[in-house]
Amino acid sequence: VQLQASGGGLVQTGGSLRLSCAASGRTFSSTVMGWFRQAPEKEREFVAGIRWTDGTTYYADSVKGRFSISRDNAKNTVYLQMNSLNTEDTAVYYCAAGTTLAPRIGGTYRIWGQGTQVTVSS
């Protein structure tokens, strides 16, 4: 399985971006897709997660109300709509897939994408 993240870029404070994560290749029975981010000199942190089956979503407090995660089962793709971006959202964003029962914990995911850079300018 490969995960291809895309949609990053440069945006001004208050702007929006939509990230995509497409899963391809040999499939495995992942149940959860997650988005994580890592800013320079900071640890990787959970952003959002979603279950394939029933669409249950999970959000970090820092993005709740601004970010929205969704999935398209037919396309094996997960999206992260990011609104009201601020400079603290600047980071490399990674998508991940797994069968974790703890979607906020990165170490429980099996497959990781290559990351896409999001830069928010003031």
Side-chain angles (χ1 to χ4, degrees):
V1 175
Q2 290 184 328
L3 301 179
Q4 182 70 41
S6 61
L10 174 64
V11 65
Q12 291 186 331
T13 296
S16 299
L17 283 174
R18 189 177 81 154
L19 305 183
S20 299
C21 178
S24 62
R26 182 180 172 187
T27 59
F28 77 101
S29 54
S30 67
T31 58
V32 178
M33 294 289 289
W35 285 99
F36 292 77
R37 66 187 182 187
Q38 187 166 19
E41 300 182 357
K42 291 188 177 181
E43 293 186 355
R44 182 181 63 192
E45 65 174 355
F46 170 77
V47 176
I50 188 166
R51 293 198 177 277
W52 284 112
T53 50
D54 60 6
T56 300
T57 57
Y58 309 86
Y59 294 98
D61 288 342
S62 59
V63 306
K64 201 171 294 183
R66 299 189 298 123
F67 291 12
S68 177
I69 189 170
S70 61
R71 92 276 194 216
D72 185 330
N73 293 57
K75 295 182 179 180
N76 288 329
T77 300
V78 172
Y79 305 97
L80 184 67
Q81 178 66 44
M82 305 186 295
N83 299 326
S84 302
L85 286 162
N86 58 61
T87 55
E88 294 183 350
D89 296 316
T90 294
V92 177
Y93 284 70
Y94 299 90
C95 61
T99 57
T100 177
L101 297 179
R104 291 182 171 84
I105 302 176
T108 62
Y109 287 79
R110 290 179 55 188
I111 306 296
W112 289 81
Q114 86 288 2
T116 184
Q117 176 71 47
V118 172
T119 302
V120 184
S121 63
S122 58

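Values below: every heavy atom of this structure, side chains too, minus hydrogens, waters and symmetry copies. Position 1 is the first residue of the sequence; numbering continues from there.
A pairwise comparison of heavy atoms in Cys21 and Met33 identifies SG-CE, 3.7 Å as the closest pair. A pairwise comparison of heavy atoms in Tyr59 and Ser68 identifies OH-CA, 3.3 Å as the closest pair. Of all heavy-atom pairs between Thr77 and Trp52, the closest is N-CH2, 3.8 Å. In terms of heavy-atom proximity, Val78 sits nearest to Trp35 at CG1-NE1, 3.7 Å. Across every non-hydrogen atom of Arg51 and Pro103, the tightest pair is NH2-CD, 4.1 Å.
Other members of the cluster containing Val32 are Phe36, Phe46, Tyr58, Val92, Tyr94, Tyr109, Trp112, with ILVMFWY side chains joined at under 4.5 Å, either directly or via other members.
Rounded to the nearest 0.5 Å, atoms OG1 (Thr56) and CD1 (Ile69) are 11.5 Å apart. Rounded to the nearest 0.5 Å, atoms CD (Gln114) and SG (Cys95) are 7.0 Å apart. The structure places CG of Leu101 at 8.5 Å from OG1 of Thr108, a figure rounded to the nearest 0.5 Å. Taking CZ of Arg71 as the reference point, atom CG of Asn76 lies at 12.0 Å (rounded to 0.5 Å).
For Thr100 (side chain) and Gly98 (main-chain N/O), no donor-acceptor pair under 3.5 Å exists by modelled atom type. A donor-acceptor pair under 3.5 Å is absent between the side-chain atoms of Asn86 and the main chain of Val120, judged by distance alone.
In this view, Lys64 and Asp61 satisfy the salt bridge (Lys or Arg N to Asp or Glu O under 4.0 Å) rule, not counting sequence neighbours. For Arg44, the salt bridge (Lys or Arg N to Asp or Glu O under 4.0 Å) criterion is met by no residue, not counting sequence neighbours.
Within the structure, salt bridge (charged side-chain N to carboxylate O under 4.0 Å, His left out) contacts touching residues 83-102 (residues at least two apart or in different chains) are Arg37-Asp89, Arg66-Asp89. Identified under the salt bridge (charged side-chain N to carboxylate O under 4.0 Å, His left out) test for residues 113-122, with sequence neighbours left out: none.
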Less than 3.5 Å apart, which donor and acceptor atoms pair up between the side chains of residues 5-19 and the rest of the protein, not counting sequence neighbours?
residue, atom, partner, partner atom, Å
Thr13, OG1, Ser121, O, 2.9
Ser16, OG, Asn83, OD1, 2.9

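Partner of Tyr79 under the side-chain contact (heavy atoms from CB on, under 4.5 Å) criterion, out of Met82, Lys75, Gln81: Lys75 alone.
Both Val118 and Phe67 belong to a common hydrophobic cluster when Ile, Leu, Val, Met, Phe, Trp and Tyr are linked at side-chain heavy-atom distances under 4.5 angstrom.
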